[in-house]
Amino acid sequence: MATSPSHLGVLQIEPTDHCNLACRMCAPHAERWDTVHGVPKGYLDPALFERILEGLVAEDCRFDHLILQWLGDPSLHPGLEDLVASAGRMLRGRVDYLRFDTNALLLTPERVARLVARRDPEVPLLVVFTLDAATAETYTRVKGRDGLIRARRHIRALLAARGAMPPPYNLHVQVQFVVQPGNAHEAGEFLRYWTDALSCHGAGRGHAEILFKRLSVGGGAAGQAEADRLYDEAMARFGIVPVEGDALSVRVSADRPWQRDDAHPGTEARTACPGLWYTPVVRQDGHLLMCCADLRGELDLGSLAEASFRTLWEGEKATRARLAHLAGRFDGVCAGCGGINWYTLAPEHAAAARARGVALGI
């Protein structure tokens, strides 16, 4: 069931929008867009990152968790380990855990050692590995480049390092398989391989998950229903169901990715999308955006180098966007999106937006 995050939602901060793969499911990199967000690609300035964190602390901002990733692979940032260390040190007690998602191709054993040595052991860290294949041939087909063997080797290095860590066991791992045309036939083999690998390496020294994820198609655009059908067929074919374990769990996507899609257009009035409340994203240049599904950057609230998080997140532009949704008006990027379905907008947060509109004289 979709739920509402506590505090200010789930914050994403993007170390870089560069990527070293061209995954078929990722339009910006598969289609080789010149710009990913409508601005030049780049890398997050560590000094700006520290300034952003200081601002969050000064304003007593708290989030369910912080994700160091958006539309690129964070391992391309040469200072990723330092970013993780800074976030843990400064946001301890303000986030439930830290997370970053990576294809693991550049997460070498040397970098793993630095990551383990530098991270704050009191702040849980979840490393998500996006793999989507069980064989090298399929990996190359869906990821756009050969690399499965290297990715596996680097993941095993992290598992080995985790196995040697002292308590508290706060380094967690998730391997991810997004079901899509070209790889659905390997879901069962993927489950077998990683069940064995995660059970043998560092078991009990932190949690591990195998996630089978639905493919999201253009905010619920044409092709979403077919993607959901393929997912359901693959789960049924291989008997993949959720499993909860102390050291290893299997997770599946129960909810559709979008509130509306090409099989569920909806006849009732569309409801406000919870993304505008719960998915703040900081682009690699320090600009704060309102939604992780806004690839083109239309919901840009301004730069965190020039204004504080709460000033922007609770400001006039953000409040107007939320009030428009509550009134049933969906413009710009929101008009062509089905609305994210992995959170539910809580009534008290809708009421807070209306109250904020009154306070701002909107």
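Position 1 is the first residue of the sequence; numbering continues from there.
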Check ion pair [X]-[Y] (N to O, under 4.0 angstrom):
X      : Y      : answer
Asp101 : Arg99  : yes
Asp17  : Arg283 : no
Glu314 : Arg310 : yes
Arg92  : Asp120 : yes
Arg251 : Glu209 : yes
Arg119 : Asp82  : no
Arg62  : Asp60  : yes
Arg114 : Glu110 : no
Lys213 : Asp132 : no

Arg152 NZ/CZ over Tyr139 ring centroid, <6.0 Å and within 45° of normal: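 No, Arg152 and Tyr139 do not form such a contact.
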Cation over ring face, Arg270 and Phe330, 6.0 Å, 45°: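 Yes, Arg270 sits over the ring of Phe330.
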Is a side-chain donor-acceptor pair under 3.5 Å present for [Y] with [X]?
X      : Y      : answer
Asp73  : Gln69  : no
Asn341 : Asp255 : no
Glu50  : Ser86  : yes

Candidate pair His37 and Trp70, rule ring-ring contact (aromatic ring centres under 6.0 Å, His included), full reasoning: CA-CA 11 Å; His37 304 288; Trp70 186 14; 4.5 Å; yes
Approximate separation, where rounding is to 0.5 Å, of Ser308 OG and Leu56 CG: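 Output value for this atom pair is 9.5 Å.
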Within the 6.0 Å centroid threshold, strictly below: His7 and Phe63: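 His7 vs Phe63: aromatic centres not under 6.0 Å.
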Output field: ring centroids Trp258/Trp342 closer than 6.0 Å: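 Yes, ring centres under 6.0 Å apart.
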By salt bridge (charged side-chain N to carboxylate O under 4.0 Å, His left out) - contacts of Arg156 (at least two apart):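 Salt bridge (charged side-chain N to carboxylate O under 4.0 Å, His left out) check on Arg156 returns nothing, list empty.
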Contacts of Glu59 that satisfy salt bridge (charged side-chain N to carboxylate O under 4.0 Å, His left out) - sequence neighbours left out: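 Expected list: none.
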Side chain to side chain donor-acceptor pair (under 3.5 Å) partners of residues 343-362, not counting sequence neighbours, each pair once: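 Qualifying pairs: Tyr278-His349.
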